[in-house]
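Note sheet for the following structure.
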Amino acid sequence: MAILFHNTLTKQTEPFESIRRGRVTMYGCGPTVYDFAHIGNFRSFLFADLLRRYFEFMGYDVRQVMNITDVGHMTDDQVADGAGEDKMQVAARKLKEAKKSGGVEAGAVENPDDPYQVAAYYTDAFLEDGRKLGLKVAFEYPRNILRATQHIDDMLGLIERLVRNGHAYVAEDGVVYYSVESFPEYGRLSGNTLDMLREGSGGRVMEEDQAKKRHPSDFMLWKPDPAHVMKWKSPWGEGYPGWHIECSAMAMRELGDVIDIHTGGEDLIFPHHECEIAQSRGGSGETAFARVWLHVRFLLVEGEKMSKRLGNFFTVRDVLQGKVTGRPVHPAVLRYELIKSHYRANMNFTAKGLVDSAGNVLKLNRFVRQLEEETGGASVEADASHPVLREFREALSDDLNVAGGLAAVLPWSNKKPKDAREALGVCRSINRVLGVAPLEPTTFPQGVEQFGIVHDPAILETCRAIDAARADRDFQTADELRRRLVEQGFQVQTSRDGTSVQQQLA
RNA sequence: GGCGCCGUAGCCAAGCGGCUAAGGCAGCGGAUUGCAAAUCCGCCAUCCCCGGUUCGAAUCCGGGCGGCGCCUCCA
C-alpha cells in the first residue's frame with residue numbers, strides 16, 4: 001500500500017519511498033531552551049512522534065533525531081545578524097525575577113548567570129513534559145536528542161567546508177556568511193526568489209550592516225565576538241554559531257548527508273529550513289538534504305493566535321495543572337487533543353476541545369480495561385487484515401490522517417467485540433501509534449496514575465458514607481456528599497452496587 | 001504585493017465521482033433513577049459562494065470570499 005505525504009518541497013502529495021528499504025531517518029527541529037515549551041511547540045513535536053510511531057507500526061526501522069537549541073542566539077537577529085541581547089541572558093534575567101517572586105522553585109537554577117545551568121533547567125523541563133506526553137524520543141535522551149553546544153565541532157567542520165568550496169565567505173567585519181547566490185536552488189522550498197527577497201528586505205534591515213554582505217539574504221554562519229556569553233574558539237575567532245547551522249551539522253552527523261524526512265512548524269519553512277538546505281547541500285554536494293519536508297500548521301487558542309499579550313499563551317505544565325479547564329488535565333488528554341486533528345490544518349485549541357478529548361480518552365481506556373478484564377490480559381496478535389486495523393492503517397498512510405484513523409477506532413470501540421482477545425490485540429497495535437489508551441507502561445514506568453482510578457482513602461470513605469446515607473434513605477446527606485465529590489472533580493456513580501468515583505481527566 | 005495551507009452541523013471531524021453525507025461532544029425527546037450521574041434507545045447538516053466538466057460532485061476544473069502561516073526571531 002502506498003504511503004502518501006504532502007511534501008512542502010514539491011508542493012504535492014506524493015508516494016513515499018525511503019532511501020533504504022525498511023528504514024526511515026527523521027530529523028525534527030526541537031525546542032530552544034530559554035523558556036518552557038508551549039503547547040504550540042508540542043503540537044509540532046507530537047507530530048514528529050506520531051510520524052515515527054506510524055513508521056514503526058508499519059514495520060520500519062526508524063531513527064528519529066531532534067535538536068535542542070541551547071546556544072544563546074540573539075533577540076534582534078532580524079535587524080542585524082547578531083544584534084540585540086543574548087536570549088540566554090534574557091532567560092537569566094527572567095529566572096532571577098521568577099526566583100524573587102517565587103515563580104520558580106528556589107535552588108532550581110543555582111546561578112542564573114551561567115547559561116549552561118539555565119539551559120539545563122529548561123532542557124530538563126522539556127524532557128519531563130515530553131515524557132509525560134509520550135514523546136518517545138524524550139526517553140532516548142541524550143541519544144537522539146542532541147544539544148547544539150555539544151556539537152560546535154561539527155558546525156565548525158561544516159562551515160569550514162562551506163568556506164573552502166565557495167558557499168561561504170568571511171566579510172570585512174569578520175563574520176562568516178553563507179552566500180545565497182552560490183546556491184541556485186535557494187528559495188525553492190519557500191517559493192521565494194532572491195530578487196523578491198532583495199526587494200522584501202527594503203527598510204527592514206539596517207543598511208550599514210547589510211553593506212558588509214554580498215546579498216541581503218546571506219545569513220550568518222559564525223560570528224566572532226569575544227564578549228558573547230557563550231563562545232567557542234574557531235578559525236574565525238572566538239565567537240558563536242549562526243542559528244541555522246546546528247540543524248545541518250547535527251542531522252548530517254547522525255543521519256548522513258541525505259535524510260528521509262525533515263519536520264517542523266510552518267514558520268520554519270523560511271528562513272530556517274531554506275537555510276538548512278543550502279548549508280547541507282553546499283557541504284555535501286548532494287542533490288537533496290531531506291527528501292520529504294513536512295510542516296505542521298500553527299495552533300490557535302480559542303480562535304486566536306497564541307500570545308502572551310492576549311493571556312492565551314499556555315505551556316504544557318499550565319494546561320496539565322488546570323490553567324485552561326480549571327481542573328488538572330491528564331497528560332494523555334493533552335496528547336490526544338494535540339494529535340487529533342490533521343497536521344496540515346490549523347488546529348483550534350480550546351477548553352471545550354480538551355474536555356471532549358477527555359471523554360474520548362476515557363472511553364478508549366474503559367474499552368481496553370474491559371477487554372483486559374474479560375481476557376485476563378491475554379491478547380491475540382490481530383491479523384493485519386482486521387477491518388479496524390486496515391482502516392486505521394489506510395487513513396494514516398494518507399498523509400498521516402489521524403482523524404481518519406480515529407474515525408475507524410471510535411465507533412468500533414463503542415460496541416462489544418465478538419472476539420475479545422483479538423480486539424485487545426487491535427487496541428494494543430493501534431495504541432503503539434496513538435499512545436493514549438493506556439499511556440504505555442513501557443514508556444511510563446512510574447509516576448503516572450492509572451486512568452481515573454481513585455485510591456485516596458478519604459474519597460473512598462466518602463463513597464461508603466454516601467452508601468450508608470442512602471441505605472437510611474437520608475437523601476439530603478447523600479446528595480450533599482455527592483455534590484462535594486463532584487466539586488472536587490470526580491465523576492460519581494451511585495447505584496445499587498454502591499457508589500464509585502472516577503477522576504475527571506480534564 | 002509575492003508564496004503556501006485550510007474552509008463539511010453549535011464545536012471537533014470522516015468522506016478521494018455514484019447506497020438515505022461516518023463518528024464523537026454539546027443539545028433535544030424517551031427508558032432507567034429517591035433525585036442525579038453513568039448506561040441504553042431515538043432525533044439533529046445537502047457540504048463558504050459562483051460558474052464549468054459529468055448521466056451523476058462535498059469530492060474534478062476555473063473564478064471569488066474567508067481563516068491561518070511565511071516573506072523579520074518564532075513549532
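Just so you know, these numbers come straight off a predicted model, no measurement behind them.
Centre separation under 5.5 Å together with a plane angle under 30° holds for the ring of A:F298 and the six-membered base ring of B:A75, marking them as stacked.
Residues A:F367 and A:W412 bring their aromatic ring centres within 6.0 Å. Between A:F42 and A:F126, a ring centre-to-centre spacing shorter than 6.0 Å is recorded.
A donor-acceptor contact under 3.5 Å links the side chain of A:R482 to the base of B:A36. Side-chain atoms of A:D479 come within donor-acceptor range of the base of B:G34, with a qualifying N/O pair under 3.5 Å.
Distances from the side chain of A:N192 to the nucleotides B:G34, B:G24, B:C71 place B:C71 closest. Considering only side-chain atoms of A:F270, the nucleotide from B:G24, B:C70, B:C12 that sits closest is B:C70. You'll find that the side chain of A:M306 is closest to B:A75, out of B:C12, B:A22, B:A75. Of the listed nucleotides (B:U72, B:A13, B:G34), B:U72 has the atom at the smallest distance from the side chain of A:P271. Among the nucleotides B:G69, B:G10, B:A75, the one closest to any side-chain atom of A:K352 is B:G10. Of all nucleotides listed (B:G24, B:C16, B:A75), B:A75 comes nearest to the side chain of A:D267. The side chain of A:K87 has B:C73 as its nearest neighbour among B:C73, B:C68, B:A75. Taking every side-chain heavy atom of A:T494 into account, B:C35 is the closest of B:C35, B:C12, B:C3. Set against B:G23, B:C5, B:G4, the side chain of A:R344 has B:C5 as its closest nucleotide.
Contact annotation: A:K305 side-chain N/O to B:G69 OP1/OP2 distance is under 4.0 Å. Contact check, A:H295 against B:A75: no side-chain N or O comes under 4.0 Å of OP1 or OP2. Taking 4.0 angstrom as the limit, A:N41 places a side-chain polar atom (N or O) nearer than this to OP1 or OP2 of B:A75. Proximity of A:R366 to the phosphate of B:U39: a side-chain N or O atom is located under 4.0 Å from OP1 or OP2.
Between A:H38 and A:F313, the two ring planes are perpendicular [angle over 60°; tilted spans 30° to 60°]. The aromatic rings of A:W293 and A:H273 sit tilted relative to each other, their planes meeting at an angle between 30° and 60°. A:F55 and A:F16 have tilted rings, their planes meeting at an angle from 30° to 60° on a 0 to 90° scale.
Using Watson-Crick or G-U wobble geometry with both donor-acceptor distances under 3.5 Å, B:U32 finds no partner in any strand shown. Pair check for B:C16 finds none; no Watson-Crick or G-U wobble contact set falls under 3.5 Å. Taking a pair to require two hydrogen-bonding distances under 3.5 Å in either a Watson-Crick or a G-U wobble arrangement, B:C70 pairs with B:G2. Across all strands shown, B:A26 forms no Watson-Crick or G-U wobble pair with both distances under 3.5 Å. With a cut-off of 3.5 Å on both pairing distances, the Watson-Crick or G-U wobble partner of B:C65 is B:G7.
Among the protein residues, A:L406 comes within range of no part of the nucleic acid, since none of its heavy atoms lies under 4.0 Å from any strand. Here A:G359 lies out of heavy-atom contact (under 4.0 Å) with every strand. Residue-level contact check: A:I269 touches neither bases nor backbone, having no heavy atom under 4.0 Å from any strand. Using a 4.0 Å heavy-atom distance criterion, A:T350 is classed as making no nucleic acid contact.
Within the model, atoms CZ of A:R43 and CZ of A:F349 stand 11.5 Å from one another, a figure rounded to the nearest 0.5 Å.
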